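Reading through the structure tokens given below for one structure.
Bear in mind the structure is a predicted one, so any value in this text is a computation, not a measurement. Just so we're on the same page: letters track the sequence lines, and every chain starts at 1.
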Amino acid sequence: MKDIEKKWQEKWDNEKLFESNPNEKEKLFITVAFPYPSGAMHIGHGRTYTVPDVYARFKRMEGYNVLFPMAWHVTGAPVIGIASRIQRKDPWTLDLYENVHKVPKEKLIKMEDPEYIVRYFSNEYHNVMHDMGFSIDWRREFKTIDPTYKKFIEWQIKKLKDKGLIKKGKHPVKYCPRDKNPVGDHDLLEGEGIEVNELTLIKFKHDNEILVTATLRPETIIGATNIWLNPNIEYVQVNANGEKWVISKDAHHNLKNQIKDLKIIKEIKPEGLIGEYVENPFTGKKIPILPASFVDGEYGSGIVFSEPADAPADYIALLDLKNNSELIDKYELGNIVKDIEPINVCNVKGYGKIPAAEIIEKLEITNQEDPKLQEATNELYKLEFSKGKISDNIPVFGGISVRESRESFKKQMIEDNTATIMYDFAERPVICRCGERCVIKIMDNQWFMKYSDPEWKEKTLKVLKGETIIPTEIRNNFEYYINWLDDWACSRNVGLGTKLPWDNQWLIEPLTDSTIYMSYYTIAKFLRDIDPELLNDAFFDKVLLNIDSNDILVNRELVDEIQAEFNYWYPLDWRLSAKDLVGNHLSFLMFHHSAIYPPEKWPKGTVIFGMGLLEGNKMSSSKGNVILLKDAIDQYGADVVRLFLMASAEPWQDFDWREKEVLGTKRKLEWFKKFASRVEEIKGSFLNLSNIEEVNLSRTIDLWMISQLNKHIKEATEALEVFQTRKALQEALFLLKKDIDHYMYRVNQLIENQDPDVIYVLSTVLESWIRLLAPFIPYTSEELWEQYGGDGFVFNAEWPKYNENLISEKIERSEYIVENIIKDISQIQNIVKGNTKKIHIYLAPDWKWDLYKIADNIGKPDIGQIIGKSIKANIHDDKKEIAVVAKKIGREMTKTHYIGKINEEQILNDAIDYISNESGKEVIIHTDRDYDPQNKFKNAIPYKPAIFIE
RNA sequence: GCAGGGGUGCCCGAGCGGCCAAAGGGGGAGGACUUAAGAUCCUCUGGUAUAGGCCUUCGAGGGUUCGAAUCCCUUCCCCUGCACCA
């Protein structure tokens, strides 16, 4: 197995079969999203890259000049994190890379260098892809940190900036203060998937300082009855742009990343504030500061205002306090507390004036420490947000939906400088892998791609409109995402990558640097030999956009050649990628193509992939639940892996790697090889497939086999055209094999006699079959092709053509009738259980065929009409019998379509030995009622002869 | 919550108005071959029936139709994505 793989790899490489250059043939350019090589390649990746390879090989056999390139996306931050974790000897990371990614120890220590990591894995990817037999033109391979590629990216980003599609702004990110880095979910020890909430900070004046409260519901400011402080946590006074804010100490830890120069002035004792009054900035009303234990110092600002009508926590805290005489006495709050009552703010169906009170009662919450409080808050929050309205008694906003009013309140208060925005995690804790508590940091001076720009969106939708999307359902997703995409932060301050040409402190974000790189493939083989310094904007303007200038530094002839190559291959015919990239990468691709290229260079098709499962569970490197592709190849062979991956699911469906089924696939492949040698064995001499002796077939079963072959070729071809690899293999391998099994079983006797027709049929099947499977199992196919006299490489062979004339419905029906008779006989024998000797088969007389035809013309089982027309046509004398048969045919016709009269007598005589063998009885065929002791002849109808067993 | 996609026989999955008791795998049962095992091939794998039939089934309920797994409505459940991350 290994030997054969090595043998063909060498031959393919030596012949440079995969190197594609412009020629007179029709071109086809196909790419898959390039991998980010931060780990070893597993079988999930194997599927991703096998699909385009199969398609590329198929299309080459169809006569296209196909370009299938590959490169490595190494820009970005993850490897930086990995490298530093390896440097830190983080046990989890070391274990992952040693045991899951199987990096040898001596290489692992070198992975303290992020560039080494991507070098190591891209190299490994390359080798595994080579072993898989992928027909990649490796001359065009590159990494996204190559100096020449960086030049291309600089050109691209400048183009977008010139077009006004990039702007400055700021954005909150999850951030680790110790690593001084933004963190993604994969960088977290705890808190994966936790969302970031936008909170409104509302400022309540207290003397010369401001108590800053945080809320998700700024509209409830109208119903604020008091402020809650937690006497058990630490508070500080900080300087915020000249204002003196009071917030919790923990809040300062987070907020100093969001507000510039947020310096602590002094510590504040919360006890001193309790019982004091502050001013509601919206209403001007004075409200008291009161103690509450539910207030979380880590969340928001560590201070909240109380709106007991709609916030269950506020409501219960108020009750708690009213009943807590100890606390009231301690702070001397008696007079203050007793007067506080909830103020109605929202109305929502199903609740009265004080929704918070009702939900607390419903969930049986008894105090502010109750964990169910969260549930109550969430439920009411969602309900009021989606269905609530501001109460009519409230001026200006009365009757407006909660959803709308929230924005108005927020906007107005921010304008009045009585509020501002902050961000916080929806839940806690969020811990970085380094062990540090994460915060939300506002990255300012960020650069953004203006994906919100309506004109750009519109143009992008045009790109989408011109594309074929497979599967078609995904088109809706694209539309949705393109419309929904907001401005995208396209600059980063850590990671590998290209710097922003006009703002050197920033790196270009990795999804932004990989949007039109498919164009780079077409010219990469030239650029690798050119000094990057010569690759200025003028060069790319000329090559990619045909904008001429005197600034081009590269030799003009070469520039022309490069430009011609780009124009030959572009636009991209197919882009393949995984589902999770629909909302970003694949949409960005459309955005950027629309912005930079003219319509004739816009992409033409996109295919979306599903995920991989392993024995029914989600595949995941970080959880160790993967099988490395390398190991799979070693264990089963590349062809088996390819075959399984292509056969078990369509590309866009999730496939499930199950060892039992992989082994089944392996057996099928072995069967195929054996079949080839079996054909030669039957022939008894050297089998030369390029020189099959023609014969004239006459037996139904031989014609049937040829018909099936052509049918399967047709179906497989049509399926492959639209990337249905599973369906294609279903036809080209499994169903065809089933038919071959059946055929060989049927002609068993003839095989022994070396019947020339059978040899012809089998040779013809084999010859087409090897070509049919060549895109899927290239090694096996080349080997068999060579062994049985194929011409040249099967790689270059012509894709098998089906002959529509050889696909015959009547032939197919004939075999169906034979099989049905055998099935019916066995069924009857099962029921009667008696001793039987002979089987009589009665064929339908001509007039019943006429009747079937009349019924078919009517088109539906309308018995009355069938009888009427039949009598009128005078097909038979006995009108009663016509009625009986019409009823029968009426029932049958929906199941068995009329396909014209066929010669049942000949068909059954052809198969009489077979039927007799299968049933173990003597078989007699009758065309009349000469011998009909049980009156069965009358049961015979077309396609369904009557049976009598005696 | 919003958006998209699904629920099919023991399991995975095809089918998306009548050839549907429902392709193809896997698993199971029986048979042929073999000293045996494996591999391979054949048959069966919803129920029932002494003549090829009948009955029940494609998440649940209702409807359209001569006819529904397939179309429409209602309902329950599951999966994926929701961004600054490749």
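Counting distance only, with no hydrogens placed and no angle test, the side-chain atoms of A:Asp824 and the base atoms of B:G52 include a donor-acceptor pair under 3.5 Å.
A sub-4.0 Å separation between OP1 or OP2 of B:C41 and a side-chain N or O of A:Trp671 is present.
Looking at residues two or more places apart in sequence or on another chain, you find a ring pair (Phe, Tyr, Trp, His ring centres under 6.0 Å) between A:Trp488 and A:Phe588.
Here the separation of B:A51 from B:C58, taken at their P atoms, is 29 Å to the nearest Å. Spacing of P atoms, B:C10 relative to B:G62, comes out at 23 Å, to the nearest Å. For the P atoms, the distance linking B:A60 with B:U8 amounts to 10 Å, nearest Å. A distance of about 7 Å separates the C1' atoms of B:C71 and B:G17, rounded to the whole Å. Annotation: B:U48 and B:U64 have their P atoms spaced 34 Å apart (nearest Å). Nucleotides B:G31 and B:G38 place their P atoms 14 Å apart, quoted to the nearest Å. Atom name P, nucleotides B:C33 and B:G47: the rounded distance is 29 Å, in whole Å. The separation of B:A32 from B:A23, taken at their P atoms, amounts to 27 Å, rounded to a whole angstrom.
When distances are taken from the side chain of A:Lys738 to each of B:A86, B:A83, B:G24, the shortest belongs to B:G24. Listed nucleotides B:C2, B:G18, B:A83 differ in distance to A:Tyr480; the shortest reach to its side chain belongs to B:C2. In the set B:C41, B:A83, B:G24, B:C41 carries the atom at the smallest distance from any side-chain atom of A:Tyr745. Of all nucleotides listed (B:A51, B:C85, B:A23), B:A51 comes nearest to the side chain of A:Ile828. Among B:C85, B:G52, B:C41, the nucleotide with an atom closest to any side-chain atom of A:Leu511 is B:C85. When distances are taken from the side chain of A:Arg726 to each of B:G53, B:G5, B:A14, the shortest belongs to B:A14. Side-chain proximity of A:Trp488 to the nucleotides B:A86, B:C41, B:A83 is greatest for B:A83. In the set B:A83, B:A86, B:C12, the nucleotide with an atom closest to the side chain of A:Asp486 is B:A83. Ranking B:A86, B:G13, B:A51 by closeness to the A:Lys936 side chain, first place goes to B:A51. Looking at the side chain of A:Leu735, the nearest of the listed nucleotides B:G52, B:G24, B:A86 is B:G24.
Partner A:Met646 forms a side chain to side chain contact (heavy atoms under 4.5 Å, CB included) with one of A:Thr665, A:Leu729, A:Leu733 and no other, that one being A:Leu729.
As judged by a 4.0 angstrom heavy-atom cut-off over every strand, A:Val662 is placed among residues making no nucleic acid contact. Within 4.0 Å (heavy atoms only), A:Ala946 reaches at least one base atom of the nucleic acid. Within the 4.0 angstrom heavy-atom criterion, no nucleotide atom of any strand lies near A:Pro471.
Taking the six-membered ring for Trp and thresholds of 30 and 60 degrees, A:Tyr517 and A:His585 have ring planes inclined between 30 and 60 degrees apart.
Across all strands shown, B:G38 remains unpaired; no Watson-Crick or G-U wobble contact has both distances below 3.5 Å. The partner of B:C82 is B:G1, by the rule that a Watson-Crick or G-U pair needs both atom distances under 3.5 Å. Across all strands shown, B:G18 forms a Watson-Crick or G-U wobble pair with B:C66, both key distances being under 3.5 Å. Pair assignment for B:G24: B:C12, on the basis of Watson-Crick or G-U wobble contacts that are both within less than 3.5 Å.
Taking atom CG on A:Leu586 and atom P on B:A83, their separation rounds to 18 Å, with Å as the unit. Rounded to whole Å, the distance from NZ on A:Lys727 to P on B:A23 is 16 Å. Residue A:Gln730 contributes atom CD, which lies 10 Å from atom P of B:A14 at whole-angstrom precision.
A salt bridge (Lys or Arg N to Asp or Glu O under 4.0 Å) check over residues 728-743 of chain A, counting only residues at least two apart or in different chains, returns the pairs A:Lys737-A:Asp741. Sorted by first and then second residue, the salt bridge (Lys or Arg N to Asp or Glu O under 4.0 Å) pairs with a member in residues 665-678 of chain A read A:Arg678-A:Glu681; sequence neighbours excluded.
Other residues, nucleotides and ligands place more than 12 heavy atoms under 6.0 Å from the CD atom of A:Glu198. No more than 12 heavy atoms of other residues, nucleotides or ligands lie within 6.0 Å of NZ in A:Lys170, so this atom counts as exposed by the packing criterion.
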Expected list for residues 941-950 of chain A: side-chain donor-acceptor pairs under 3.5 angstrom, two or more places apart:
unit_1, atom_1, unit_2, atom_2, d
A:Tyr943, OH, A:Ile899, N, 2.9
A:Tyr943, OH, A:Gly900, N, 3.4
A:Tyr943, OH, A:Gly900, O, 2.9
A:Glu950, OE1, A:Tyr931, OH, 2.9
A:Glu950, OE2, A:His840, NE2, 2.9
A:Glu950, OE2, A:Tyr931, OH, 3.2

Can you name the atoms? Protein N/O to nucleotides 26-34 of chain B N/O, anything below 3.5 Å, with the distance.
none

N/O to N/O distances under 3.5 Å, protein versus nucleotides 8-10 of chain B:
none

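With 3.5 Å as the limit, one finds a donor-acceptor pair spanning the side chains of A:Glu509 and A:Thr512. Between the side chains of A:Glu918 and A:Tyr745, a donor-acceptor pair is found at a separation under 3.5 Å. With 3.5 Å as the limit, one finds a donor-acceptor pair spanning the side chains of A:Asp513 and A:His73. A:Arg726 and A:Ser648 share no side-chain donor-acceptor pair at under 3.5 Å.
In terms of position along RNA chain B, the nucleotide closest to A:Lys674 lies nearer the 5' end than the nucleotide closest to the other residue of the pair A:Phe948 and A:Lys674.
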